[in-house]
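Each remark here refers to the structure printed beneath this line.
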Amino acid sequence: MITALQRHVSLEDLPDFFTLADLSLVFGISKATAYRMADQGRIPCIRLGKRIILSKNHLRQWIDSEIGFEAQSTTTEDIENGKTRKG
């Protein structure tokens, strides 16, 4: 039987809020490593009692900041003037 966790193969497959067990499957790390990173404050998470919950949006932002990516937005004015930013 395939569990919900076994179906997650990418970050996009995860729900908006998920557990460290989900994170470990997506990134191919052990649950122990995921918990250690959370305990050390190395990944963005919140604690609800004994549960540790992650937000997909916050995790994306964290990943982008870790690899040095700065999100750039294109304004309506830029589009109207034919200016678009390309990464």
Side-chain angles (χ1 to χ4, degrees):
M1 177 171 79
I2 297 176
T3 67
L5 293 179
Q6 292 170 328
R7 288 181 286 197
H8 300 312
V9 292
S10 76
L11 187 58
E12 297 304 317
D13 293 333
L14 293 172
D16 289 338
F17 297 95
F18 56 96
T19 67
L20 290 171
D22 296 320
L23 179 79
S24 69
L25 289 171
V26 169
F27 287 101
I29 60 174
S30 70
K31 283 192 254 182
T33 297
Y35 277 92
R36 186 171 44 256
M37 291 178 72
D39 287 340
Q40 294 170 348
R42 294 176 54 201
I43 55 175
C45 60
I46 58 172
R47 295 180 189 275
L48 299 173
K50 292 185 177 186
R51 291 188 59 110
I52 298 175
I53 306 297
L54 296 100
S55 159
K56 185 167 34 175
N57 289 334
H58 287 104
L59 186 64
R60 278 191 191 122
Q61 291 172 3
W62 173 77
I63 291 169
D64 290 345
S65 71
E66 287 294 305
I67 62 173
F69 175 78
E70 290 186 28
Q72 296 181 353
S73 64
T74 302
T75 65
T76 304
E77 184 178 326
D78 290 336
I79 294 170
E80 289 171 355
N81 292 324
K83 298 177 187 174
T84 58
R85 295 181 182 159
K86 294 183 180 178

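This structure is a prediction, so every number in the text was calculated from the model and none was measured. Excluded from the calculations below are hydrogen atoms, water molecules and symmetry mates; all remaining heavy atoms, backbone and side chain alike, are included.
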When every non-hydrogen atom of Arg60 is compared with those of Leu11, the smallest separation belongs to CG-CD2, 3.7 Å
Checking Ile53, Leu48, Asn57 against Phe17 for side chain to side chain contact (heavy atoms under 4.5 Å, CB included), the one that qualifies is Ile53
Closest non-hydrogen atoms of Pro44 and Leu54, given as atom of the first, atom of the second and distance, are O-CD2, 3.7 Å
Could you measure the distance from the CG atom of Leu23 to the CG atom of Leu14? Nearest 0.5 Å is fine.
8.0 Å
I'd like to know if Arg42 and Glu66 make a salt bridge, using a cut-off of under 4.0 Å between side-chain N and carboxylate O.
no
CD1 of Ile43 to NE2 of His58: how many Å apart, nearest 0.5 Å?
13.5 Å
Got a second to check how far Ser24's OG is from Tyr35's OH, nearest 0.5 Å?
8.5 Å
Separation of Asp13 CG from Leu25 CG (nearest 0.5 Å)
11.5 Å
Is Arg47 salt-bridged to Asp39, cutoff N-O under 4.0 Å?
yes
4.5 Å side-chain heavy-atom contact, Ile63 and Phe27
yes
Would you compute the distance between atom CZ of Arg51 and atom CD1 of Ile46 and round it to the nearest 0.5 angstrom?
10.5 Å
